There are 2 protein chains.
Amino acid sequence: MPEAQALPDTRERILIEASRLLSINGYHGTTTRDIAAAVGISQPSLFFHFTNKLAIVQELYEHDIVPAVAGLENLVVGPGDPAAKLYAMIVGEFGRIADSPYDMRAHISFEALNHPDLAGFRDLVNQFDDLTRLLIRSGQESGQFVHGNAWLAQQMVSGFLVRANLFASSDQVERQINPREGAALVLRSLLIDPETIEQVEERAEELLPRYRSP
Amino acid sequence: MPEAQALPDTRERILIEASRLLSINGYHGTTTRDIAAAVGISQPSLFFHFTNKLAIVQELYEHDIVPAVAGLENLVVGPGDPAAKLYAMIVGEFGRIADSPYDMRAHISFEALNHPDLAGFRDLVNQFDDLTRLLIRSGQESGQFVHGNAWLAQQMVSGFLVRANLFASSDQVERQINPREGAALVLRSLLIDPETIEQVEERAEELLPRYRSP
DNA sequence: CACTCTATCTATCATTTGATAGGCTAGCGC
DNA sequence: GCGCTAGCCTATCAAATGATAGATAGAGTG
């Protein structure tokens with residue numbers, strides 16, 4: 001049972017290197033030998049820390065999608081208007097992925113998510129989308145957002161989040177993400193009156209802590 | 001040289017089934033046996049029609065990214081304002097992917113694009129992004145678009161296109177893409193005055209043929 | 001010192017996977 | 001009818017890959 005007490009350093013390094021390689025080459029494109037080599041241990045040593053290759057991915061998803069859904073759920077059920085909540089979610093997501101010790105840039109695009117053993121995480125990803133869509137719909141009904149296909153709007157939000165994180169780079173100034181600018185960009189397309197964006201921003205700032213501490 | 005004369009039906013079916021499987025499981029997650037089984041031929045028969053597995057992907061990319069870049073380039077160098085051009089590009093892209101005989105939903109997310117032999121296509125993908133960014137920048141400079149990080153805005157456009165196509169479904173009414181609604185959604189976030197969207201739409205309609213016939 | 005547990009190694013295995021070799025058959029030109 | 005080719009098959013291979021077995025070294029404990 002490797003799941004016990006104090007985590008040794010190697011286990012952590014495996015997760016870090018694995019996440020990096022998985023983001024680049026995907027699940028099937030990343031071999032256990034690749035991961036082991038990146039960590040600097042022999043390939044069989046991986047199986048001392050994780051029961052199998054899939055367990056590494058499972059743990060990465062655990063760190064990624066679980067807090068995301070928890071945070072968004074917390075935001076949705078709490079006080080505030082839909083626009084401020086959506087703004088807070090986008091800022092929170094950019095921050096969460098940037099602060100993660102793991103490279104979760106391609107978290108959604110993992111083909112691994114088709115694996116039966118990852119069905120639970122696939123459901124969580126869908127739940128995140130459902131909650132985002134719920135936020136958009138309630139904003140439409142309250143007259144804050146323009147009407148239209150909520151699914152399409154949600155794909156814009158989700159697609160933007162995934163894509164921006166995927167191609168973000170700390171080496172190039174232009175590709176460093178300003179979470180608030182990203183959120184404002186998306187909100188502009190949904191708000192009936194884009195002039196109100198500044199008030200949305202103000203209200204969202206108060207909601208931000210709700211996304212981080214579920 | 002399979003590249004010659006009249007294409008037999010099998011070759012076409014290989015491309016269709018391969019694109020479908022590749023969209024779901026990615027390059028490394030799709031085996032030549034999977035493809036052959038889907039087509040209904042033996043695995044070695046694939047290599048009568050294609051020199052190797054990568055050649056199938058190469059041909060799919062050829063059908064996908066080459067016309068996309070050609071169309072966008074044609075649009076960029078031609079007449080019209082940036083907003084109308086961007087609108088036309090989004091409508092054109094949704095249409096192009098919907099009309100393709102192949103399932104190119106995940107065209108960008110292929111981990112295969114890291115393969116050295118696909119470097120040319122990787123460059124084309126980058127060129128498509130560069131052209132999109134150019135369109136956004138010129139819209140900003142001409143005072144049509146709000147100022148801000150053009151890279152971030154481009155990621156929103158590209159992310160939306162990829163994501164919406166990826167999860168589109170002809171079985172669910174809500175998930176059927178209305179190209180013009182998608183384009184309007186994105187344009188709203190960029191236009192300084194969203195009220196002008198209708199005029200943008202009108203001007204874009206004239207540009208549309210330019211995207212399709214390069 | 002003897003025992004135990006952790007973390008690693010080398011050697012190896014069974015499968016999977018991309019690809020090749022070579023044979024069979026139906027259709028076409030002459 | 002003969003020869004040729006396209007298109008497909010079965011059998012098979014070499015390499016890659018996930019995983020196991022078993023040995024070893026070192027630290028902690030009594």
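The shown structure was predicted, so the numbers you read here are calculated from the model rather than taken from an experiment. Computed from heavy atoms alone, side chains included, the values below leave out hydrogens, waters and symmetry copies. Throughout, protein chains are lettered first and strands after them, A, B, ... in sequence-line order, and every chain is numbered starting at 1.
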[X] side chain: which of [options] is closest?
{"X": "A:F47", "options": "D:dC8, C:dA7, D:dT20", "value": "D:dT20"}
{"X": "A:S42", "options": "C:dC9, D:dT10, C:dT8", "value": "C:dC9"}
{"X": "B:P44", "options": "D:dT17, C:dT20, D:dC8", "value": "C:dT20"}
{"X": "A:S45", "options": "C:dT8, D:dG18, D:dG7", "value": "C:dT8"}
{"X": "A:I41", "options": "C:dC9, C:dG18, D:dG18", "value": "C:dC9"}
{"X": "B:R33", "options": "D:dA6, D:dA19, C:dG18", "value": "C:dG18"}

Report yes or no: is the cationic atom of B:K53 (NZ for Lys, CZ for Arg) under 6.0 Å from the centre of the six-membered ring of B:F47, at an angle within 45° of the ring normal?
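The answer is no; the distance or angle limit is not met.
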
Whole Å only: how far is the [atom1] atom of [X] from the [atom2] atom of [N]?
{"X": "B:H28", "N": "D:dA15", "atom1": "NE2", "atom2": "C1'", "value": "15 Å"}
{"X": "A:N52", "N": "D:dG18", "atom1": "CG", "atom2": "C1'", "value": "9 Å"}
{"X": "A:I35", "N": "C:dT8", "atom1": "CD1", "atom2": "P", "value": "15 Å"}
{"X": "B:K53", "N": "C:dT16", "atom1": "NZ", "atom2": "P", "value": "16 Å"}
{"X": "A:Q43", "N": "C:dA11", "atom1": "CD", "atom2": "C1'", "value": "12 Å"}
{"X": "B:L46", "N": "D:dG7", "atom1": "CG", "atom2": "P", "value": "14 Å"}
{"X": "B:F48", "N": "C:dG22", "atom1": "CZ", "atom2": "C1'", "value": "15 Å"}
{"X": "B:I56", "N": "C:dG18", "atom1": "CD1", "atom2": "C1'", "value": "11 Å"}

What I want to find out is whether A:R137 reaches B:E174 closely enough, with some N-O distance under 4.0 Å, to be called a salt bridge.
yes

Verdict with supporting geometry, A:Y102 and A:Y61, ring pair (Phe, Tyr, Trp, His ring centres under 6.0 Å)
CA-CA 10 Å; A:Y102 313 121; A:Y61 265 112; over 10 Å; no

Whether [X] contacts [N] is assessed here as follows: a side-chain N or O lying under 4.0 Å from the phosphate OP1 or OP2. Is that the case?
{"X": "A:T10", "N": "C:dT8", "answer": "yes"}
{"X": "A:H49", "N": "C:dT8", "answer": "yes"}
{"X": "B:T32", "N": "C:dA19", "answer": "no"}

For the aromatic rings, using the six-membered ring if either is Trp, is the centroid distance between A:Y211 and A:Y87 under 6.0 Å?
no

Please walk me through it: do B:N149 and A:N178 pass side chain to side chain contact (heavy atoms under 4.5 Å, CB included)?
CA-CA 9 Å; B:N149 186 330; A:N178 178 339; over 6 Å; no

